[in-house]
Engineer: 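Sharing a structure with you now.
Keep in mind that the numbers below use all heavy atoms, side chains included, and drop hydrogens, waters and symmetry copies. Keep in mind it's a predicted model, so treat the numbers as computed, not measured.
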There are 2 protein chains.
Amino acid sequence: MAPVERARQSDLRERNLAAVLALVADRTAGAGAASAPSRAGLAAATGMARGTVSALVDALLVGGLLEEVPPPPRTGAGRPAHGLRLSGRRVAALGVELGASHAVACVRDLTGAVRAREAVPSIDRTGPPAQVLAASAELAGRVLADARAQGLDVVGGAWALPGLVDTGAGTLRLAPNLGWRDVDVLTLLGEHPALHGLPLAVDNEAALAALAELWHPGEPADEAPGSRRGASFVLVTGEVGIGSGVVLGGRPLRGERGWSGELGHVTVDPAGPRCGCGASGCLEAYAGQEALLARAGLAGGGADDLRRAAEREDPAALAALDDAGAALGTALAAAVNLLDVDAVVLGGSCAPLAPWLAPPLQRELERRVLRARLLEVPVRVSATGADAAVMGAAALVLQGVLDAPAPLLSA
Amino acid sequence: MAPVERARQSDLRERNLAAVLALVADRTAGAGAASAPSRAGLAAATGMARGTVSALVDALLVGGLLEEVPPPPRTGAGRPAHGLRLSGRRVAALGVELGASHAVACVRDLTGAVRAREAVPSIDRTGPPAQVLAASAELAGRVLADARAQGLDVVGGAWALPGLVDTGAGTLRLAPNLGWRDVDVLTLLGEHPALHGLPLAVDNEAALAALAELWHPGEPADEAPGSRRGASFVLVTGEVGIGSGVVLGGRPLRGERGWSGELGHVTVDPAGPRCGCGASGCLEAYAGQEALLARAGLAGGGADDLRRAAEREDPAALAALDDAGAALGTALAAAVNLLDVDAVVLGGSCAPLAPWLAPPLQRELERRVLRARLLEVPVRVSATGADAAVMGAAALVLQGVLDAPAPLLSA
DNA sequence: GGCATAAGTTCAACGACAGAACAAATCAGT
DNA sequence: ACTGATTTGTTCTGTCGTTGAACTTATGCC
C-alpha cells in the first residue's frame, strides 16, 4: 500500500544527526546571528537526552559541519553555553544553470554563502547537446578549482535545466527552449574529466528556483516563528517559457518523475491563442515573454523594455500586463485549488513586473480560489534574484547533506 | 529548512513492524491468495536478519494483526514455510460518509473486508450541524455494535465530508453543498456517547475516495510488479459538486491544510457560465451534476436519467456529455501538468458516464498535457463503487494502523 | 534410512539512545 | 573574596533493538 522501508540502527543515528543539523540551520537562519543554539538548547528542543546531543554534536564538529562560536550573549546565572552554527569551512556544493542562452555556475558552502561563481552570458548552443554540456562542465571545473583552492570539499553538484527533467534517470526528456530531446545529461556529464568522481544530479530549473526561495535567508519574522520550516508556496519563474516550482510542507513537490509544476501549459482559455506546444490558450500564450512583448507592441524587445514602457504608462504595455496578470491569476488559482499552498511567489522575469502583474493576479485569485473566502492567498515577490536556479541547484546538494550527514562524518 | 523529527529507539521497531506489515499486505493483496509470504521471505525482501523478522512477526501474531495460514503450496526441498497474511479477526476501523442527502457507515477489518454496513438513504439535514452529526453518530453506533458483536476491536473512525475540511483541526470550514461553515466536527462527534473513547478523524470525501481506490484489491497484474505501491493518480469524484483526490507515490496528497484537490473550481473558461462559488467558468459549471443535466435538457433529473438518454443516443445528452468530457479534460490537464501523476481515474457519478466522457477527456489530455508526447496519460474508470468515500474513511484508519502498529501490540 | 535443503529459533555481541550522577563555569549575595 | 545557586556539558551504566551465526526442525529426494 505504501512504501515503508526497513530501518537499521545506523538510520537512527543518521536521522538524529539530521535533526540536530536542521535545528541549528533553522535557528541560525531564522533569527539574527546571536541566537546560535547550545547543546542543552538542542536537547530541550528535540527532546533527546543531553548526553546524546553532545555525542551527535561532537561528531558534527569533528566532521566540520558545525562549529562553535565562542560565547553567545550572556543571560543569567549558570555556566555559559557554547553557541553552535553551521560551518562554511569544509562542505560545499556545486550548482550549474544551463539556460536557453546563458550558463552560470556557483559553489555555495554549507551556510549557503556563495564562495565561487562564474557566468557565461552567451553560451554557444549550435553544437550537439554533448558539446554544450561539455562547455558547462568546463565552466563548472573552473568554479570547482576556485572553491577547492579555498579548502572547500565540494561534495556534489546539480544542473538546473529548462524542460521536463527525469530526476530519477538523470535525463532531459524534452526541452523546447533548448531544442533538445532525450538527452542523457548525467552520463554525458559524468564522463567529463573536470567532474571526475563528483556525485551529480539534474533537476528542472523552476523546481530548483523554488528551493532557492526556500533557502533564502530573508524574511526575518515574516511568518510563523518556525521561519521557513513548513513553508508552502508556488514560485512562478518566467524566463523564455513559464514554469513553476511547488514547495509543500517545506519540501519541494517533485511529482512521479520530476515533471510537476508545468504551469506554463495550464489552459487559461481553451479558445485562446495557439501555443508553441500545439495546444491553445496556454498560460505561456498570454504571459510568456514572447507573447507578452508582442501584445505590448514590443516584439523583439526584452523584459527591460517592457518595464520601462510600463513605467512611462504606455497604454499597450499596461493592457498587456493586465491581461498577463489575469491569465497568471487564472492558472495560479488552479494551482492553489489543487495543491492548497499558502502563497504565490513571483520570480524570474515576473518579479520586476510585479507592480503591474500582482493586482490583476490577486483579483483573479480572490475570485477563483475556493478557499480565498476563508484564507487569503498572499502574492509575494521572490527574494532571490536572477541566479535563483543556480542557487537552488547548489541548495539541492546541500539539502542532501543536511538530510543525510552521516556519510560525510566517517571519512 | 525541513521538518526533521528526532527518532527514538522505539521508532526503529515501529518502523520495522510497519515494513513487515506493509510487505505482507502488499503480497497478499497484489497477487492471489496463495502467495502468503514466509518469515524467511520477508527477511530476504526487507534485508533484515531472519531472527529480527521472526521477533517482529511474533509480536504481530500475538497482537492479532497477522495470522498464519497452514501450508502454502509446496515447492521444493526444505522445511516448509508458514504463510503469513493480515488477520481480519481483531483490528477494524469505522468509516462514515456524510453526504449532501445520504449517510453511510461501515466497519472494515484489517484485510479491508466490510464486516458491517448501514446506509441511511435520506438524512434529515434541516436541523443544525450538531443534530445532523449526532444522527450520523447514532448510525455509527449501530454499525459499531454490530462489529463488536463479531469480536472486532474497532480502533478508530473517520468521517468523510464534502467541502473544505481542516484535517489538522478536525473542523469543516466550508461546505456549500451542506450549507455548513466552520463546524467543529471532531469535538461535536467526540461528545457523543456512542463514540466514547474512539479516536476520530475527518477528511474530505474525495481525498478518501482516492484512498479507497488505492486500497482496492482489483487490478492483479495491471501495472508494475509492485502492485499498488507507488501508484499515482487523480481520482475525479462527481457527486453534487466535483472534487478530486490526488495520490502521489502511493500516498494521498493533502496540501497544507487538507484543502487540496478542489478540481471543481479550476477554471475551464474564464468567460464561461457563472458558478455557485461566485467565479465564472469553473469545471462544475460544465460537468457538475446540475449543470450537466440542465445542458442535456434533463433539469431536475438524476444521473441515471442522463445515462439512459445517452444510451439511446439522445443528441442533447451526447452534446452535453461531450462538452463535459472536454471540460474535465481541460481541468485535469492542468492537474497533470502541475502534479505529474501517472493516470486519471473517473469515479463517483462520472464512472457510469465514462463511455461518453472519456473520449473527449482523453483528447484534451493529449492536447494539453505537456508530457503527453512522452508518456500518455491513461484514463481509467474507478474500481470502487458508490461507497468509495466510506470505504476510504475506514481505510484511512487502517492505513494508520499499518503505518504505526506498535500502539496496538502492548495492550 | 540417510542426506541435502530450507525455515524458523536462540543467543551472544554490538550500536545507539536514556537517565542520572558528576564536573565545570558563571552569577548573585554577603 | 567567598559561598551557594544555577545551568551547561560530560561520563557512565542500563536498556532496547538489530545482527549474524549456530542450532533445531521439517520436508523432499535418493
Engineer: What is the separation between atom CG on A/L61 and atom C1' on D/dG9, rounded to the nearest whole Å?
Structural biologist: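 About 13 Å, once rounded to whole Å.
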Engineer: Kindly give the atom pairs (protein nitrogen or oxygen, nucleotide nitrogen or oxygen) under 3.5 Å for nucleotides 5-9 of chain C.
Structural biologist:
| residue | atom | partner | partner atom | Å |
| --- | --- | --- | --- | --- |
| C/dT5 | O2 | B/G78 | N | 3.2 |
| C/dA6 | N3 | B/R79 | N | 3.2 |
| C/dA7 | O4' | B/R79 | O | 3.2 |
| C/dA7 | N3 | B/R79 | NH1 | 3.3 |
| C/dG8 | OP1 | B/H82 | N | 2.6 |
| C/dG8 | OP2 | B/R39 | N | 3.1 |
| C/dG8 | OP2 | B/A40 | N | 3.0 |
| C/dG8 | N7 | B/R50 | NE | 3.1 |
| C/dG8 | N7 | B/R50 | NH2 | 3.1 |
| C/dG8 | O6 | B/R50 | NH2 | 2.6 |
| C/dT9 | OP2 | B/R39 | NE | 3.4 |
| C/dT9 | OP2 | B/S54 | OG | 2.7 |

Engineer: Measure CZ/B/R13 against C1'/D/dT19 and give the value in whole Å, please.
Structural biologist: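 For the pair B/R13 CZ and D/dT19 C1', the rounded distance is 15 Å.
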Engineer: How far does CZ of B/R39 sit from OG of B/S54, to the nearest 0.5 angstrom?
Structural biologist: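 Answer for the CZ-OG pair, B/R39 versus B/S54, is 5.5 Å.
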Engineer: Test for a donor-acceptor pair under 3.5 Å between the base of D/dG17 and the side chain of A/Q9, counting only N and O atoms.
Structural biologist: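 Per atom types, the contact qualifies.
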Engineer: Could you tell me the separation between the CG atom of A/D109 and the CZ atom of A/R115, rounded to the nearest 0.5 Å?
Structural biologist: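 Separation between the atoms: 5.0 Å.
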Engineer: I need the A/L402 CG to A/L86 CG distance, nearest 0.5 Å.
Structural biologist: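 The distance works out to 6.5 Å.
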Engineer: Let me know the distance between CG of B/L12 and C1' of D/dT15, rounded to the nearest Å.
Structural biologist: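 Rounding to the nearest Å, CG of B/L12 and C1' of D/dT15 are 14 Å apart.
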Engineer: Between A/L42 (CG) and D/dT8 (C1'), how many Å, whole number?
Structural biologist: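 Answer to the nearest Å: 12 Å.
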Engineer: Mind checking the CG-CZ spacing from B/L152 to B/R108? Nearest 0.5 Å is all I need.
Structural biologist: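 B/L152 atom CG to B/R108 atom CZ measures 13.5 Å (nearest 0.5 Å).
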Engineer: Please classify the nucleic acid contact of A/R6 as base, sugar-phosphate, or nothing, using heavy-atom distances under 4.0 Å.
Structural biologist: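 A/R6: backbone/sugar contact only, no base atoms under 4.0 Å.
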Engineer: Atom CD of B/E67 and atom CZ of B/R89: how far apart are they, to the nearest 0.5 Å?
Structural biologist: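 One finds 4.5 Å between CD of B/E67 and CZ of B/R89.
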Engineer: Less than 4.0 angstrom between a side-chain N/O of A/N16 and OP1 or OP2 of C/dC17, yes or no?
Structural biologist: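 It does, given that an N or O in the side chain of A/N16 lies less than 4.0 Å from OP1 or OP2 of C/dC17.
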Engineer: In this structure, how many angstroms lie between the C1' atom of D/dC16 and the CG atom of B/L17, rounded?
Structural biologist: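 Computing the B/L17:CG to D/dC16:C1' distance gives 13 Å.
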Engineer: Nearest 0.5 Å, what's the CG-CZ distance between A/L17 and B/R6?
Structural biologist: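 A/L17 CG to B/R6 CZ: 13.5 Å, rounded to 0.5 Å.
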